[in-house]
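The next block holds one structure in the form of structure tokens; read it before the comments.
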Amino acid sequence: MEQYFVKQAITTNNLTIEDQEIFRHAIKVLRHKNGDVIYLVDPTEKLFKATITNVAVEEKQFQVDLELLDWASTELPIDVTVACSLSKKDKIEWITQKSTELGAKTIIFFSSKYSIMNWKKNVVEKKVARLQEIAKNAAQQSKRRVIPEVIYLNSLKDLVDYKTEANLVAYEESAKQGEISLLAQTLNKNPKSTLCAFGPEGGFAPDEIDYLNQNDFLSVGLGPRIMRAETAPMYFLSVLSYKYELTVK
Ligand code: SAM
């Protein structure tokens with residue numbers, strides 16, 4: 001049941017797959033043969049059942065017959081951006097993979113006062129490309145229709161350029177003061193998009209919170225327990241899935 005993203009919109013009933021990444025994985029690694037089925041998603045979020053009809057190993061390509069599927073979308077019904085303070089490589093890779101599995105549409109990493117890391121200008125492109133690849137693989141694995149966009153911001157201040165309908169900052173001090181209702185109140189207004197910013201292990205500096213509040217980011221608590229920096233965005237995404245995707249029948 002492998003799913004792959006193709007780069008061009010599919011408008012025909014059959015296709016020659018020349019994408020070397022897909023060829024390598026489907027034919028070389030998984031050894032698919034004629035008659036086997038894979039799934040393709042195009043940039044318009046359409047899902048196709050693709051039956052392999054002709055594997056041309058020499059030419060490093062294969063052909064498929066396509067059937068458009070009307071299966072329900074796997075995307076969250078709200079556009080979600082998680083914006084996380086920069087941390088070590090393994091943590092940001094983990095955040096990228098898990099946020100993708102949980103449905104984030106945009107994943108931002110930003111440098112803040114107590115971030116333990118900072119990226120030099122000349123490494124940003126390579127690091128973002130690596131995270132984007134992790135997001136693509138996680139989106140394929142979790143059968144999403146969209147690959148989340150990964151963005152790096154050199155400054156927390158630039159976050160205001162990415163504002164959505166409902167902008168939040170998960171603030172540990174709000175949680176410690178017993179703030180338990182602002183996230184629920186915000187979601188009850190059923191915004192079409194939301195962004196939540198998460199601080200580093202050392203938390204947000206008070207002036208960073210002031211700046212975000214002045215720019216219409218609401219400080220919210222995420223329950224009485226203080227989570228690690230990488231756990232808090234997963235809590236937020238899980239809350240959204242519970243609210244928008246699960247129901248009592
Ligand atoms: N060093 C801080 C402290 O001791 O209070 C804790 C920072 S926490 C490990 C990292 C980030 O996760 C916070 O800046 C916040 O964005 C988020 N976070 C964790 N638990 C939270 C909670 N219960 N409510 C709101 N935000 C939380």
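Every number for a ligand or one of its atoms is a count from 1 in the order of the listing. In this chain, numbering begins with 1 at the start of the sequence shown. Excluded from the calculations below are hydrogen atoms, water molecules and symmetry mates; all remaining heavy atoms, backbone and side chain alike, are included.
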Mind listing the N or O contacts between ligand 1 and protein, cut-off under 3.5 Å?
unit_1, atom_1, unit_2, atom_2, d
ligand 1, 1 (N), Glu201, O, 2.8
ligand 1, 5 (O), Lys176, NZ, 2.4
ligand 1, 14 (O), Glu172, OE1, 2.7
ligand 1, 14 (O), Gly199, N, 3.4
ligand 1, 16 (O), Ala170, O, 2.5
ligand 1, 16 (O), Gly199, N, 2.9
ligand 1, 20 (N), Met227, N, 2.9
ligand 1, 23 (N), Gly223, O, 3.0
ligand 1, 23 (N), Arg225, O, 2.8
ligand 1, 24 (N), Leu222, N, 2.8

Item to check | hydrophobic_cluster_shared for Ile95 and Leu222, side chain cutoff 4.5 Å | outcome: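 Leu222 clusters together with Ile95.
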Checklist entry - Salt bridge between Lys176 and Glu173, side-chain N to carboxylate O under 4.0 Å? => result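 Salt bridge: yes.
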Next on the checklist: Looking at Asn190, I want to see if its CG is surrounded by more than 12 non-hydrogen atoms of other residues, nucleotides or ligands under 6.0 Å.
Outcome noted: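 More than 12 within 6.0 Å, yes.
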Checklist entry - Can you list the residues that meet the side-chain contact (heavy atoms from CB on, under 4.5 Å) rule with Ile180, with sequence neighbours excluded? => result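 For Ile180, no residue satisfies side-chain contact (heavy atoms from CB on, under 4.5 Å) once neighbours in sequence are set aside.
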Checklist entry - Among Arg144, Lys136, Lys143, which one satisfies side-chain contact (heavy atoms from CB on, under 4.5 Å) with Gln140? => result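 Answer after filtering Arg144, Lys136, Lys143: Lys136.
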Item to check | Any donor-acceptor pair under 3.5 Å from Asn167 side chain to Thr164 backbone | outcome: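 Here the side-chain-to-backbone pair exists.
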